[in-house]
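Have a look at the structure below before the remarks.
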Amino acid sequence: MEKAYQPKEVEDRLYQSWESEGSFKGRPDAEKPAYSIVIPPPNVTGVLTMGHVLNNTIQDILARRARQLGHSTLWLPGTDHAGIATQTKVEQQLRKEGKNKRDLGREGFIEHAKEWRDKHGGIILKQLRKLGCSCDWERTVHTLDPEYSQAVLEAFVRLFENGYVYRGKRMVNWCPVSRTALSDEEVIMKPQSGKLYKVRYELTDAPGEYLFVSTTRPETIMGDVALAIHPEDERWPNLKGRKVRRPLQPAEIPIIADSAVEKNFGTGMLKITPAHDPLDFEIGLRHELEIIDLFNEDGSLNELAGPPFSGMDRFEARKATVEQLRSQGDLIDEEDHANNVGFSERADVPIEPRLSEQWFLRYPRVAEAKRAVSEGFIRYFPERWSKTYLHWLDNIQDWCISRQLWWGHRIPVWYRKGQPRSDPKNWHVSVNGPEDPENWDQDEDVLDTWASSWLWPIATMGWPEDHAMKEQGLDYFYPTSALVTGPDIIFFWVARMIMAGLEFKGEQMDANTMLTDDEIKKRIPFRDVYFTGIIRDAKGRKMSKSLGNSPDPLDLIEKYGADGLRHGIMSIAPKGQDIRFSEERIEQGRNFCNKLWNLSRFRRMADDSDRESGLVEIIDRIDPDQLNPDDHAILLRLVHTLDEVDRLYKGYEFNSVLQSIYRFFWNDLCDWYLENSKARMREGEGKETCLAVQDLCLRQVLLLLHPVTPFITEELWKALGFSGGKSIQWQSPGNGVDLLALFDASGIRPDSDALEEMLAVRELVTSMRALKAERNLANNNKVEFFHLADEGKAEVLARHAPSILSSVGAATLRRVDAPPTGMPALVTAFGSIYLDLTSGVDPAAERARLEKELQSLAQIISSIEKKLSNAAFTEKAPTQVVDGAKRQLAENQAKLKETEDAISALIR
RNA sequence: GGACGGCUAGCUCAGUUGGUUAGAGCGACUGGUUUACACCCAGUAGGUCACAGGUUCGAGUCCUGUGCCGUCCACCA
């Protein structure tokens, strides 16, 4: 074995063998319980980020743990076509070639985009393999696959038939760069510092008299069709019904009263531009106002804006209108103003509220979706996200699902040629289209990407085709066991999947019939949702490509190994808290693997005979009569660790899992047990038993760790002869209760006092080492100690003497009846310990040290005495707490006394 | 404007129903070629638990308020 662990060769080799052996295949198996996860599909042309590493490592841990525990496990991978993002990239590339999408035409463009996707796509799936992800790759799904597309269309048609889908001319969020409508969720509000302009409007029946309006968008004045005041605003009792002159594109517009106007903002008057503001649009509807749409789809102004504004971009027009107003004397004031502006998530430009005809979805099964989470049929980890989820559902708005793109699922609606499209009589809605296609035109738009990915848990498993669902095991694997995703897509994806599952899984149910709880439980797409944190850089900023602060995970794998990366990232990922990335943690992950590797190397060096080493065989090799207190202690720690880790895995507390394993493996096993066993191994007494105990600990550690660091654990599993020809993937670490039962059957009964004793002895050893170290004797193993202790303590010390001597690095520890003179002393739970120094003791320094100790003991004692003298404490506190305090007091008083003795011995 | 999260050692974080003297890793410092591991071992220093009140015999932990940082939601032009 190499001195340092070399992950690269191991990882590639093992991954290949796992895959070729079909370890990751997820197949229904009536003999076993099911465990399933569907991957949150990444953008097909994306590359692996640290966020993916975190997310997919967690999923892999869950999948691998499930396999160990005997579940038939499916982790279903796939990718998303990412409508806007992909189309934008393809268009950019076309532009570089001097072409645009219209040159290619719809068919040509889609062909081109597919080629581009196939060329650049799927990289991320290869990267996930490098990370060790145990996905069933044969079941990889892409949202534009023919079967998946059928499912998307089928869902649309069903929703249409049940009255959930409708077409309407409404205010939508328009992205002038992508030139498509967006859903509310795709709009990000950003605080902006802009200007608030005060503009005057002249009353037409009183020339020279003006009304004043504050606006942030003077470029829309040409679209004003009214001024509005609040009906109960006492400042202007007589304005309603009169008229003002629009200062740009002059026209006479009415003054109306509407309670949506905020009296206290600006001048208390609102200009109404129904085409360019959602609130204005509503007010316009209420008052049957004209709609003047000034903008083109790219955000430039059209001919209705009039000269000189038509043709200008909206921001250019803002400046131009301000100048125009200023020169007319209509601009009264201009002040800095902070407000929130909605930006397009993808294109990062301000969205334009725009009136257009789109397809909308009234969400199905909203009430049931709320119930599913509020009743705990779906559990959120951390639980607090359920509040966010429920709040959103309480205020849910219809979903604009049509996108003016070509890349995506084309909406399965056809319009009778030459007839008005707004009339449903001229519609044909079906998956396969009309039988006389020559008489129809298909809708040009595609569906929002999320309107395909919300079907992910069912459509990846064959829905809605009966034979496909059966073949792919939908009923076996559904509801999936866990979903692992970021809270940023709780609305985009999680909530919508829940509603889709409730609506589509199982028999179609009438829209007006509330699903029963039993039905909800069967239809929900997953049982647990684990929300990861967001990975931030060392400065706390979100990792992003544009900031360039995100390391390439592949580089990290190259440097530290996939196991190292996985271990590192999981050790810093507290449940649902944001994660501060630091490469040092990844380094620690690597170091951990190396430690594991070297412990195994040590084990092989002690004895490299190959033998059968299943759990039972190992336990059989333990001779109960040869067990010493350290054996008892480590066996008990193993039992506790098995239970603790099991509990922590169940609660998705992965960083605690690792902490628990770390403590057992590194502190207890390596630093203590193994160091002490060295002497035993040399002397040969109880060596067989000691090796068996080591094997047992090591074996269980590998099993516990395997979900997190699959490669090295599998490699060592085989190298140490634990496998019996079988992969670690299918072996359960078991729990403490079962292990104790096995122990008992072999006559091994770990003594629980031994554990406490070991901890006390370790504390003693630490103090003794410190005593040496402070005198630069750390390296001298010939030093001699004396101890002054009562019979009971002396007996314990004698029992542990070999461990103590070898751990401390000392030659003797002899009992004395009185404090020896002139020696540095140490007062411990085991009595006073004296370090025999032939020379070089500085009595003054030793005295100072002991007096400092004395002081701190006195402080502790007085605080306990104070507590105990408080009648309220002794009466009200539980007896065990009071007894504890009393014991503590006695112990510290004894220590105080001994310390005083030691001081006087020093100067005697 | 609402809601949620965070504030504990120089840094990153543990601290589960209130109960002994608040922990770990990293970093710093000191010392180590003890044949598993320097990707290691041993030791040392370092904390008024953001602040102010309250409940309690007892508060890092529970309650109220404040501050700062972060996130999400919201039609104040």
Side-chain angles (χ1 to χ4, degrees), chain A residues 1 3-5 171 189 196 213-217 228 260-262 264-267 269-273 277-282 337 339-340 353 382 384-385 387-388 391-392 395 487-488 490-491 534 536 538 540 542 560 564 571-572 574 576-582 584-585 587-588 590-606 651 653 655-656 659 662-663 667 670-671 674-675 678 766 769-774 776-779 781 806-809 856-857 859-860 863-864 867 870-878 880-882 884-885 887-889 891-892:
Chain A
M1 286 172 94
K3 199 170 169 184
Y5 174 53
M171 216 59 185
M189 299 308 284
L196 187 62
V213 173
S214 291
T215 179
T216 54
R217 302 208 60 191
V261 177
E262 197 68 41
N264 300 323
F265 186 87
T267 59
M269 289 196 185
L270 182 59
K271 71 185 201 61
I272 304 299
T273 321
D277 183 277
L279 179 64
D280 292 10
F281 177 70
E282 268 177 44
H337 180 66
N339 65 342
N340 281 325
R384 64 186 151 86
W385 290 112
K387 203 167 171 177
T388 307
H391 182 255
W392 185 71
N395 298 286
D488 49 331
I490 192 166
F491 312 136
I534 293 166
R536 303 177 171 280
K542 216 165 160 174
Y560 303 108
S571 74
I572 48 174
Q577 219 66 273
D578 283 2
I579 293 139
R580 204 63 76 90
F581 178 80
S582 81
E584 277 138 42
R585 300 303 288 259
E587 202 180 320
Q588 283 169 47
R590 188 264 319 255
N591 295 353
F592 186 90
C593 292
N594 190 240
K595 185 82 175 174
L596 191 60
W597 178 261
N598 272 289
L599 174 63
S600 306
R601 214 158 66 87
F602 175 71
R603 174 62 191 81
R604 292 295 285 175
M605 285 165 92
E653 300 189 53
N655 63 327
S656 300
Q659 225 172 63
Y662 184 99
R663 263 198 310 275
N667 300 138
C670 292
D671 289 350
L674 228 70
E675 287 306 321
K678 282 177 181 172
T766 299
R769 280 168 171 167
L771 203 63
K772 281 178 71 185
E774 280 163 25
N776 290 325
L777 292 170
N779 218 16
N781 56 13
S806 81
S807 309
V808 173
S856 107
L857 283 169
Q859 221 164 46
I860 293 168
S863 99
I864 302 171
K867 196 193 280 185
N870 182 348
F873 173 71
T874 48
E875 278 161 27
K876 292 186 184 172
Q880 69 199 78
V881 173
V882 177
R887 194 173 52 240
Q888 199 193 341
L889 179 66
E891 278 167 15
N892 282 292

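Within every chain, numbering begins at 1; the chains are lettered A, B, ... in the order of the sequence lines, protein sequences first and strands thereafter.
Each of A/Ser656 and A/Lys867 was assigned the nucleotide of RNA chain B with the nearest heavy atom; the assignment lying further toward the 5' end belongs to A/Ser656.
Spacing of C1' atoms, B/U56 relative to B/U64, comes out at 16 Å, to the nearest Å. Distance noted for atom C1' between B/G23 and B/U8: 10 Å (whole Å).
For A/Lys387, the side-chain atoms get nearest to B/A3 when compared with the rest of B/A3, B/G19, B/C26. Side-chain proximity of A/Arg769 to the nucleotides B/G25, B/U20, B/G43 is greatest for B/G43.
Checking the phosphate oxygens (OP1, OP2) of B/A38, no side-chain nitrogen or oxygen of A/Lys595 falls inside 4.0 Å. Residue A/Arg580 places at least one side-chain N or O under 4.0 Å from the OP1 or OP2 atom of B/U12. In terms of phosphate contacts, A/Asn591 brings a side-chain nitrogen or oxygen within less than 4.0 Å of OP1 or OP2 of B/C40. Residue A/Thr766 places at least one side-chain N or O under 4.0 Å from the OP1 or OP2 atom of B/G43. Note on A/Lys3: every side-chain N or O is 4.0 Å or more away from OP1 and OP2 of B/C40.
The CH2-C1' distance, from A/Trp392 to B/C4, rounds to 18 Å in whole Å. Taking atom CD on A/Glu875 and atom C1' on B/G19, their separation rounds to 17 Å, with Å as the unit.
Nucleotide B/G60 has no partner under the Watson-Crick or G-U criteria, as no pair reaches both atom distances under 3.5 Å. As the counterpart of B/C40, B/G32 is assigned, both hydrogen-bonding distances of the Watson-Crick or G-U wobble pattern falling under 3.5 Å. Pairing for B/A3 is with B/U71, a Watson-Crick or G-U wobble pair whose two hydrogen-bonding atom distances lie under 3.5 Å. The partner of B/C49 cannot be assigned: no Watson-Crick or G-U wobble pair with both contacts below 3.5 Å exists in any strand.
Here the side chain of A/Asn594 pairs no donor or acceptor atom with the backbone of A/Arg590 at under 3.5 angstrom. Panel note: side chain A/Asn892, backbone A/Gln888; a donor-acceptor pair is recorded below 3.5 Å.
The one candidate from A/Phe602, A/Tyr5, A/Phe592 that meets the side chain to side chain contact (heavy atoms under 4.5 Å, CB included) condition with A/Trp597 is A/Tyr5.
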